[in-house]
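The structure appears right after this line, and notes come after that.
In what follows, chains carry the letters A, B, and so on, assigned in the order in which the sequence lines appear, proteins first and then strands, with residues in each chain numbered from 1.
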2 protein chains.
Amino acid sequence: MSLHSPVDLTKNQTLVYGALADAQGPLSAYTILDRLRDDGFRAPLQVYRALEKLLEFGMVHRLESLNAFVACRHPDCGEHETIAFTICEQCGKVAEIADDRLMEHLDTLARVDAFQPRKTTVELRGICASCQ
Amino acid sequence: MSLHSPVDLTKNQTLVYGALADAQGPLSAYTILDRLRDDGFRAPLQVYRALEKLLEFGMVHRLESLNAFVACRHPDCGEHETIAFTICEQCGKVAEIADDRLMEHLDTLARVDAFQPRKTTVELRGICASCQ
DNA sequence: TGTCACATGTTATATCATTACGCAATTATG
DNA sequence: CATAATTGCGTAATGATATAACATGTGACA
């Protein structure tokens with residue numbers, strides 16, 4: 001049981017996670033599908049079902065503003081419910097920012113309205129350091 | 001020229017904004033289309049083109065995690081580039097949170113990585129006060 | 001062995017968004 | 001005024017993202 005495999009992944013989950021881990025940046029579900037054709041993938045649902053589990057395990061993140069997915073690169077991300085992303089609109093590079101104080105800040109804002117957050121999305125789209 | 005119309009809206013923009021302003025919560029582009037059939041709307045593009053302008057004017061926000069749109073209800077939202085949203089997964093209600101310190105916090109986090117944010121998405125999905 | 005939970009395979013369909021093309025209205029300007 | 005440029009509009013087609021519905025396989029285990 002490796003650090004990134006708190007559970008044993010099924011064949012399809014392993015393939016999908018592998019595709020994301022190999023990728024430079026985020027991939028759409030259909031891109032993953034195309035890359036796994038040779039491994040026997042035939043339908044979107046094979047990808048979406050694996051992604052659903054991987055998201056549940058915290059091994060993959062969904063980028064809402066891109067409708068795409070990335071493998072989690074942050075070692076201890078299991079400890080951060082809230083993860084912020086920077087997304088470079090030039091080169092497509094995605095970075096994770098895990099910041100406890102940001103999470104607290106968002107919690108505080110939610111508390112003002114008595115709102116109980118279940119899943120928080122923070123995505124900064126712009127230009128990364130390398131592309132300036 | 002009303003408070004909410006810093007520019008003169010075209011007929012289609014007015015109709016789309018009206019549909020969103022009348023709605024209780026966020027609407028998808030296709031829901032807007034359906035509601036404007038009687039006003040002569042026939043194709044998605046009529047909605048998307050109007051939305052594009054309304055987003056530009058700051059009169060409408062896009063909720064990335066829902067692929068849906070809401071009329072801006074925050075009077076001075078033009079002064080806040082970053083707006084956070086709470087989205088109730090029970091009743092669908094959406095509220096805007098404009099908080100300058102949150103914006104500064106995000107700017108600070110971005111600066112660490114020399115990232116230049118252009119558009120920031122903050123969406124808290126969970127349960128609102130009324131639904132608990 | 002039976003059955004339960006879970007993963008998978010397949011087809012079809014639903015939902016969200018854009019491309020491409022042509023025309024009409026408006027406006028800037030020589 | 002003429003006309004070029006810009007902007008908005010209408011329509012058809014297509015592309016991109018995601019799920020529903022139903023059938024089959026597979027391993028755990030009472």
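Around CG of A/Asp38, the count of heavy atoms belonging to other residues, nucleotides or ligands within 6.0 Å does not exceed 12. By the 6.0 Å contact criterion, CZ on A/Arg37 is enclosed, its count of non-hydrogen atoms from other residues, nucleotides or ligands being greater than 12.
We find that CZ of A/Arg62 is positioned 10 Å from P of D/dT17, with the value rounded to whole Å. The interatomic distance linking B/Asn12 (CG) with D/dT7 (P) rounds to 17 Å, in whole Å. Look at CG on B/Leu63: it is 17 Å from C1' on C/dA17, rounded to the nearest Å. Computed from coordinates, the A/Arg42 CZ to C/dT8 C1' distance equals 14 Å when rounded to whole Å. When rounded to the nearest whole Å, the span between CG of B/Leu36 and C1' of D/dC9 equals 15 Å. Taking atom CG of residue A/Leu66 and atom P of nucleotide C/dC16, one finds them 18 Å apart after rounding to whole Å. The separation between A/Leu33 atom CG and D/dG15 atom C1' is 15 Å, rounded to whole Å. As a whole-Å value, the separation of A/Tyr48 OH from C/dA7 C1' is 19 Å.
Side-chain contact between B/Cys91 and B/Cys128 is present, with at least one heavy-atom pair separated by less than 4.5 Å. Between B/Phe41 and B/Val16 the shortest side-chain heavy-atom distance falls below 4.5 Å.
Contacts classified as side-chain hydrogen bond (donor to acceptor under 3.5 Å, both in side chains) and involving residues 49-58 of chain A (residues at least two apart or in different chains) are not found.
The side chain of B/Leu45 has C/dA20 as its nearest neighbour among C/dA20, C/dA7, C/dA17. You'll find that the side chain of A/Lys11 is closest to C/dG9, out of C/dA17, D/dT11, C/dG9. Nearest nucleotide to the side chain of A/Pro44, out of C/dG9, D/dG10, D/dT19: D/dT19. Counting only heavy atoms from C-beta on, B/Asn67 has its side chain closest to C/dA17 among D/dT11, C/dA17, C/dT11.
A distance of 10.5 Å separates CG of B/Asp113 from OG of A/Ser130, quoted to the nearest 0.5 Å.
When every heavy atom of B/Pro26 is checked against every heavy atom of B/Leu66, the shortest pair comes out as CG-CD1, 3.9 Å.
In this structure, A/Thr10 does not reach the C/dC6 phosphate: none of its side-chain N or O atoms is under 4.0 Å from OP1 or OP2. For the pair B/Gln46 and D/dG10, the criterion of a side-chain N or O lying under 4.0 Å from OP1 or OP2 is met.
A/Arg49 comes within 4.0 angstrom of a nucleotide base, judged by non-hydrogen atoms across all strands.
For the segment residues 23-32 of chain B, residues with any heavy atom less than 4.0 angstrom from an atom of DNA chain C are, sorted by number, B/Ser28, B/Tyr30.
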